[in-house]
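Notes follow the structure.
Numbers restart at 1 for each chain; the letters A, B, ... are given by sequence-line order, proteins then strands. Hydrogens, waters and symmetry mates are skipped; everything else that's a heavy atom, side chains included, is used. What you see is a predicted model; the values in this text were computed from it and never measured.
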Amino acid sequence: MSAPLLSLRGMTKGYGPVKANQAIDLDVAPNSIHAILGENGAGKSTLMKLIYGVEAPDAGEVFWNGAPVHLHSPGEARRLGIGMVFQHFSLFETLTVVENISLIVAGTKATLAARIRELGRDFGLEVDPFAEVHALSVGERQRVEIIRCLMTEPKLLILDEPTSVLPPQAVGLLFETLRRLRDRGVSILFISHKLDEIQAICDRATILRAGRVTGNVDPREHDAHDLARMMIGRDMPPPLHPDPVEPGEVRLELSGLDHAPDDPFGVALQGVSLSLRAGEVLGIAGISGNGQSELSRLISGEVRLSEARRDDVRMLGQGVGHLGPGARRALGFAFVPEERLGRGAVPEMTLSDNSLLTAHGQGMLRRGFIDRVREAEFTAACIRDFDVRTPGPEAEAGALSGGNLQKFIMGREISLRPKVLFVAQPTWGVDVGAAAAIRQRLVAMRNEGVAVLVISEELEELFEVCDRIQVMHKGHLSASLDARTTRAEEIGRLMIGADGVAA
Amino acid sequence: MSGMSFILAGMLAAATPFLLAALGELVVERAGVLNLGLEGIMALGAVVAFIVVYHGGGHPAAFAVAALAGCALSLVFGFLALGVRANQVAAGLAVGILGQGLSSLIGNSYESLTVTGLAKWAVPGLADLPVVGGLFVQDIVVWLSLLATAAIWGMFRFSKLGLILRAVGENPQAARAIGYRVIAIRYGAVAFGGAMAGLAGAYASTVYTPLWADGMIAGRGWIALALVVFGTWLTGRIFFGALLFGAVSLASLVAQTEGWAVPSQLLSSLPYIVTIIVLGIITSNKRLLKVNGVASLGEPFGP
Ligand SMILES: Nc1ncnc2c1ncn2[C@@H]1O[C@H](COP(=O)(O)OP(=O)(O)OP(=O)(O)O)[C@@H](O)[C@H]1O
Ligand SMILES: [Mg+2]
């Protein structure tokens with residue numbers, strides 16, 4: 001191997017009692033795409049933050065092109081030529097795309113906008129430079145993050161789970177981009193939980209478990225099963241493909257719902273119809289930004305309709321279009337939104353208090369007072385049953401690793417024993433072992449007679465858990481397709497609108 | 001002079017103390033810091049400026065000293081809120097009370113003394129227009145405040161500095177992650193806000209009503225704070241809010257001198273009521289609030 005571009009020796013970082021990184025050694029070669037693999041909470045993001053100068057290590061040395069360097073700030077890291085795309089977005093929502101980018105790249109808005117369009121075309125990362133970020137879908141925001149990074153022309157690019165929210169076509173394009181970047185002399189540190197992706201583009205993989213390096217391999221020489229075992233320390237559970245059961249009564253129904261969002265950049269829904277019965281899983285496939293977030297807000301009650309249109313959304317036999325989220329939850333509805341920080345959980349609050357937010361009906365209130373014991377029990381049960389890696393119920397939600405927070409939120413909502421469960425991106429950023437466990441839980445819920453609605457961009461996931469699939473494209477929802485008989489290509493075509501279907 | 005032309009002639013000057021203080025607070029809040037000590041900082045600026053003018057130091061020196069004093073006092077707040085991450089509401093209130101106490105102490109022997117204000121400067125031609133002519137006869141500070149309004153509007157709209165301030169106010173964690181020194185930027189904003197509040201106080205005590213009386217700021221700092229919120233953190237709206245407030249206070253004076261059969265208490269509370277109603281209507285647009293509001297306002301932030 002040629003002299004490494006970046007070497008870490010003995011990098012150590014603790015957060016209080018949690019030893020996120022312990023004596024980590026890492027060498028990144030020039031012109032290499034280097035994977036960092038590990039379970040949720042293994043310390044991958046922490047290590048990347050140390051390299052990018054966001055966090056300061058407790059101990060350890062960094063060498064850049066063989067010379068020792070001290071990375072005290074992201075500005076310094078950028079000057080050396082290190083760029084990073086964060087797992088939790090670091091965009092400013094009230095600013096436009098080009099304004100966000102101009103915060104770290106010099107140039108006038110016009111020239112920046114032109115370069116954003118150019119990079120967008122070259123790399124399949126198209127965004128409107130003048131759109132305000134709060135109006136963008138999660139997938140679009142990620143594109144902005146990646147473009148922002150590429151515009152600083154880095155020599156080492158860190159991508160923390162860049163593909164978890166990209167549609168399959170965009171992943172292909174991104175990989176094309178990454179290969180092209182590598183051929184131009186850029187090294188890439190790539191974090192992903194998708195082992196096939198790592199095998200497709202990485203030439204080196206370092207595996208972390210509980211803050212330590214447990215392996216350093218060429219991923220092309222090992223199969224996905226081996227890698228998963230190295231990562232989670234045990235064998236993977238097999239995929240499910242559940243048997244059909246006879247569905248019960250209709251629990252959630254939209255009939256020809258039209259909705260123009262308040263947000264001028266939002267997607268208008270046109271004639272969206274779906275009907276979800278007890279004891280079945282309905283999946284909504286589609287590339288993010290095609291109306292899924294508008295639809296999810298209408299179903300959750302975050303966006304309300306007028307009293308007159310209450311029957312446009314029917315839940316458990318009742319028109320609920322005009323009701324807010326609290327009233328819908330009181331009927332037996334539970335919801336896991338795609339943004340886990342801010343919408344699914346309050347980052348500054350402890351896990352216990354986050355439980356209280358939606359589970360207060362589970363005996364946590366007594367005459368208006370909070371029953372702290374009950375609250376802690378409920379939270380501890382979620383942590384245990386869903387294998388959330390955290391010091392305990394008193395940990396702040398924002399301090400959990402991405403995947404662990406997702407597991408916690410899933411656990412909290414499932415523990416509410418809902419009649420209708422709605423989950424957007426259930427395994428986004430969750431490691432392979434935990435993702436399999438979450439899917440199993442979804443199917444178990446269905447078998448118990450819960451009506452489950454899942455929005456996901458991952459077709460494999462939908463095929464694994466769903467009975468039926470509908471595809472969202474440009475605000476239209478396709479007719480229902482049987483997940484057991486439909487082929488993936490067919491859904492893929494609907495996702496990009498190749499059939500020209502509407503409703 | 002008719003009531004209308006009286007109001008037109010006087011409203012800019014009446015609005016200036018609110019405007020200067022609110023513009024400074026706008027910058028502070030945009031950076032995510034809530035400084036509730038405005039009233040006390042204005043009082044300190046007012047008293048030091050008055051003393052300088054009284055002893056013949058002249059207005060330019062008086063304004064400079066007031067700005068420095070405001071800056072210094074706001075940095076005390078800055079140290080509490082940013083340096084040791086105290087609760088911003090408590091720190092702001094404490095510093096406000098400190099400022100008011102200091103101003104009474106320093107101004108004790110100047111109670112009820114007067115000085116001469118500033119000469120007015122007329123826009124040639126426009127000043128001779130009927131009715132609206134008075135609008136174009138103003139002292140230099142008014143003209144400069146109008147310039148400052150335009151400058152701050154332009155800063156937030158077009159400049160990198162404005163962008164950085166907004167970014168720091170919206171998401172300090174992300175701003176830090178991309179390499180901005182959040183605390184330093186916030187200190188800068190707080191110092192600027194303090195200087196502007198000092199100037200606002202100086203204008204009140206040496207130009208608008210050139211006299212010193214303890215408690216003469218009389219809630220103007222609080223109104224300025226309210227204008228920032230009701231103006232949804234937009235420079236133009238804050239300007240119109242200040243102007244509206246100035247105009248309505250003059251209108252209630254006109255009504256009183258013309259002997260309308262309205263209780264004077266109601267008339268004196270009119271400016272507050274009108275400002276709250278008008279700006280309240282503007283603020284009811286939720287989307288605007290979401291887009292323009294400052295997400296991290298008042299939250300402590302540290303590495
Ligand atoms: N700011 C923080 N304060 C306290 N603990 C933290 C903080 N950030 C991370 N941790 C802890 O450090 C450990 C490693 O977290 P890290 O985010 O690096 O995991 P990860 O490997 O990126 O996981 P994921 O795949 O879920 O993103 C976790 O146990 C996490 O709870
Ligand atoms: Mg991570």
Side-chain angles (χ1 to χ4, degrees), chain A residues 45 48-49 52-56 71-80 82-96 98-109 112 132-135 141 145 148-149 151-152 158 160 261-266 303 341-342 347-348 398, chain B residues 26-27 29-32 85 87-88 154-186 228-229 231-235 237 284-303:
Chain A
S45 296
M48 298 306 115
K49 286 182 194 160
Y52 194 54
V54 182
E55 302 279 358
L71 296 166
H72 295 300
S73 79
E76 254 165 83
R78 274 203 303 275
R79 265 192 299 285
L80 288 179
I82 302 177
M84 173 153 175
V85 173
F86 291 89
Q87 180 176 12
H88 293 121
F89 304 132
S90 60
L91 296 174
F92 302 97
E93 302 207 358
T94 60
L95 307 183
T96 62
V98 60
E99 284 173 334
N100 265 284
I101 287 173
S102 73
L103 280 168
I104 61 169
V105 187
T108 65
K109 277 191 191 166
L112 289 179
E132 288 182 353
V133 170
H134 66 88
R141 287 178 200 208
E145 289 251 11
R148 180 168 74 172
C149 233
M151 288 183 69
T152 63
I158 302 172
D160 196 348
D262 287 342
D263 194 326
F265 304 113
V303 171
L341 285 173
E348 297 82 15
Chain B
L26 169 66
V27 171
E29 291 193 10
R30 273 288 193 188
R85 276 185 269 157
N87 179 299
Q88 294 185 9
M155 175 189 76
F156 280 122
R157 200 166 167 85
F158 301 113
S159 82
K160 178 96 180 253
L161 179 62
L163 209 55
I164 293 172
L165 284 169
R166 285 167 60 192
V168 164
E170 186 199 307
N171 191 342
Q173 285 80 13
R176 187 170 88 95
I178 60 171
Y180 284 102
R181 294 175 55 207
V182 173
I183 300 291
I185 291 164
R186 288 185 164 181
V228 177
V229 179
T232 57
W233 296 273
L234 291 177
T235 319
R237 291 205 175 154
S284 62
N285 183 334
K286 295 223 177 61
R287 186 176 125 67
L288 263 176
L289 268 191
K290 182 175 180 250
V291 175
N292 296 314
V294 182
S296 77
L297 188 61
E299 286 169 13
F301 170 78

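- When each of A/L103, A/L95, A/N100, A/V54 is scored by its heavy-atom pairs under 4.5 Å with chain B, the top score falls to A/L103.
- Counting heavy-atom pairs closer than 4.5 Å to chain A, the top-ranked of the candidates B/A175, B/A167, B/A295 is B/A167.
- Scanning all heavy atoms of the two residues, the minimum distance from B/E170 to A/L91 falls at OE2-O, 4.2 Å.
- Both the backbone and the side chain of A/S102 come within less than 4.5 Å of a heavy atom of chain B.
- No side-chain donor-acceptor contact under 3.5 Å links A/E99 to the backbone of B/L163.
- For the pair A/F92 and B/N171, the tightest heavy-atom approach, listed with the atom from each and the gap, is CE2-O, 3.4 Å.
- Looking at A/K109, only its side chain comes within 4.5 Å of chain B, counting heavy atoms on both sides.
- Across all their heavy atoms, A/F86 and B/A177 have their closest contact at CZ-CB, 3.7 Å.
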